[in-house]
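Everything numeric in this text was worked out from a predicted model, so none of it was measured.
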Amino acid sequence: SMALQGVEEEELDPIRATLDGKEVRCATCGGHLGDLFNDGWIYRGTSAAKTGKRYCIDGAALIFKPEDGGEDVFGDMPPPNRVIRYEQSMYRDV
């Protein structure tokens, strides 16, 4: 089924989809974009509450297109003019 333009949802039975969520992929290349959960009703006052669907999209899958025509901002990059301080992972050597 078509979720959003250019996005396809994993086909699962309704019980698994409710408990585990569904994978959402790029309809063009099949790349993983994130997951779709059917618990949107919990988030009152949001569009998720109206549809019951909550999309959890990986930041690296996003490209922000400024309305002023500025350069695209890729989701896996820090915003321009912004310093982000990352803490070293305790699970891997750097």
Taking every non-hydrogen atom, the tightest pair across [X] and [Y]:
X     : Y     : answer
Gly21 : Phe37 : CA-CD2, 3.7 Å
Cys26 : Cys29 : SG-N, 3.4 Å
Leu33 : Arg25 : CD1-C, 3.7 Å

| request: Tell me whether Tyr55 is reachable from Ile42 by hopping between hydrophobic residues (I, L, V, M, F, W, Y) whose side-chain heavy atoms are closer than 4.5 Å. | output: no

| task | Report yes if some heavy atom in the side chain of Leu36 is under 4.5 Å from a heavy atom in the side chain of Arg54; otherwise report no. | result |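 A side-chain contact under 4.5 Å is absent here.
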
| task | If a pair satisfies salt bridge (charged side-chain N to carboxylate O under 4.0 Å, His left out) and one of its residues is in residues 26-36, list it, with sequence neighbours excluded. | result | none

Using residues 64-73 as the side-chain source, report each donor-acceptor pair under 3.5 Å to any protein atom, sequence neighbours left out, with the distance given to one decimal.
unit_1: Lys65; atom_1: NZ; unit_2: Asp72; atom_2: OD2; d: 2.8
unit_1: Asp68; atom_1: OD1; unit_2: Gly70; atom_2: N; d: 2.8

